[in-house]
Amino acid sequence: HWMGDEIVFDQRYFQRPMDEAYAKYFIELERLTRLGEFDVLGHLDVVSRYGFDIYGSYDPLRYENLIRPVLANCIQRGLVLDINAGCLRRKLRRLNPDPIILHWYVEMGGDRVIFSSDAHNPQAVGMGIEEAIAAARNAGLRQYIQFAGRQMRFLPLV
């Protein structure tokens with residue numbers, strides 16, 4: 001969520017043109033996925049969640065040339081892509097990443113996803129997961145990942 005000393009949770013981050021705000025975020029994600037030591041990339045396009053109040057709706061196609069390198073790094077490094085249903089409960093009303101990004105990921109050879117509801121309270125646990133699973137299936141995914149002690153377990157997407 002951080003780009004240097006700025007964070008996308010702070011509305012001040014969005015006091016710049018939309019393309020600049022989104023590009024800065026995706027460029028930082030490309031660097032992170034190329035160099036970082038972690039297992040799961042969460043919130044791939046969460047910048048759209050916080051930018052919604054300022055810019056309105058978000059079109060991933062506008063940033064395809066910045067998002068695809070992030071996906072390529074994930075695939076090359078074996079990073080798992082989080083399909084986060086949290087924004088379905090918010091004004092944005094869409095998954096992160098957007099379903100079109102899931103299609104790009106699969107088209108590029110990606111096959112490692114995990115599901116999350118971004119629950120910050122017990123009542124939200126599991127909310128939106130059915131939609132996330134449907135989007136994964138629709139994109140052509142046939143499996144998902146479950147972790148135990150940083151060990152991946154591949155499970156069929158039924």
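Bear in mind that the values here come from a model prediction, so they are computed numbers and not experimental data.
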Can you hop from Ile54 to Tyr58 via hydrophobic side chains spaced under 4.5 Å? yes

Examine distances only and state if a side-chain atom of Tyr13 and a backbone atom of Ala21 form a donor-acceptor pair shorter than 3.5 Å. yes

Measure the shortest side-chain to side-chain distance between Glu20 and Tyr25 over non-hydrogen atoms and say whether it is less than 4.5 angstrom. no

For Arg34, I'd like to know if atom CZ has over 12 heavy atoms of other residues, nucleotides or ligands within 6.0 Å. yes

Are side-chain heavy atoms of Ser48 and Tyr22 found at a separation under 4.5 Å? yes

Nearest heavy atoms of Leu95 and Ala85, plus distance in Å: CD2-CA, 3.8 Å

Check for me, please, whether Leu141 and Val80 land in the same ILVMFWY cluster - side-chain distances under 4.5 Å, paths through other members count. no

For Glu37, enumerate each residue passing the side chain to side chain donor-acceptor pair (under 3.5 Å) test, keeping only those at least two apart in sequence or located in another chain. Arg77

Is it possible for you to say whether Ile114 and Leu102 belong to one hydrophobic cluster, with membership spreading through side-chain heavy-atom contacts below 4.5 Å? no

Is there side-chain contact between Glu30 and Pro69, with at least one heavy-atom pair below 4.5 Å? yes

Please determine whether side-chain contact (heavy atoms from CB on, under 4.5 Å) holds for the pair Leu35 and Arg31, giving the CA-CA distance in whole Å, both sets of side-chain angles, and the decisive distance to 0.1 Å. CA-CA 6 Å; Leu35 302 172; Arg31 186 176 146 293; 3.9 Å; yes

Does any pair with a residue in residues 57-76 pass salt bridge (charged side-chain N to carboxylate O under 4.0 Å, His left out), and if so which ones, sequence neighbours excluded? Asp19-Arg62, Glu64-Arg68, Arg68-Glu107

Can you tell whether the side chains of Lys24 and Glu28 come within less than 4.0 Å, N to carboxylate O? no

State, with a plain yes or no, whether a side-chain heavy atom of Leu32 is found less than 4.5 Å away from one of Phe38. yes

Can you tell me how far CG of Asp98 sits from CH2 of Trp104, rounded to the nearest 0.5 angstrom? 8.0 Å

Step by step, work out the side-chain contact (heavy atoms from CB on, under 4.5 Å) result for Leu44 and Ile101. CA-CA 9 Å; Leu44 187 144; Ile101 296 172; 4.0 Å; yes

Between Glu6 and Arg16, is any pair of side-chain heavy atoms under 4.5 Å apart? yes

With rounding to the nearest 0.5 angstrom, report the CD1 to OH distance, Ile67 to Tyr105. 14.5 Å

Could you state whether Phe154 and Leu79 fall into the same hydrophobic cluster, counting links through intermediate Ile, Leu, Val, Met, Phe, Trp or Tyr residues with side-chain heavy atoms under 4.5 angstrom apart? no

Any side-chain heavy atom of Phe115 sitting closer than 4.5 Å to one from Asn84? no

Evaluate the side-chain contact (heavy atoms from CB on, under 4.5 Å) criterion for residues Leu29 and Leu41: first the C-alpha distance (whole Å), next the side-chain angles of each, then the deciding distance (0.1 Å), finally the verdict. CA-CA 9 Å; Leu29 273 191; Leu41 176 63; 3.9 Å; yes

Kindly determine whether Asp45 and Phe26 satisfy side-chain contact (heavy atoms from CB on, under 4.5 Å), including the steps that lead there. CA-CA 8 Å; Asp45 56 355; Phe26 292 127; 4.1 Å; yes

Any sub-3.5 Å donor-acceptor pair from Asp82's side-chain atoms to Val40's backbone N or O? no

Check whether any side-chain heavy atom of Phe14 sits under 4.5 Å from a side-chain heavy atom of Asp53, and report yes or no. no

Distance from Arg142 atom CZ to Leu157 atom CG, nearest 0.5 Å? 7.5 Å

Is it true that Leu61 and Tyr55 fall in one hydrophobic cluster, defined by side-chain heavy atoms closer than 4.5 Å? yes

Can you tell me how far CD1 of Ile75 sits from OG1 of Thr33, rounded to the nearest 0.5 angstrom? 10.5 Å

Using atom types as modelled, flag every donor-acceptor pair under 3.5 Å from a side chain in residues 145-152 to any protein atom, sequence neighbours excluded.
from, atom 1, to, atom 2, distance (Å)
Gln146, OE1, Arg153, NH1, 3.1
Arg150, NE, Asp39, OD2, 2.6
Arg150, NH2, Asp39, OD1, 3.0
Arg150, NH2, Asp39, OD2, 3.2

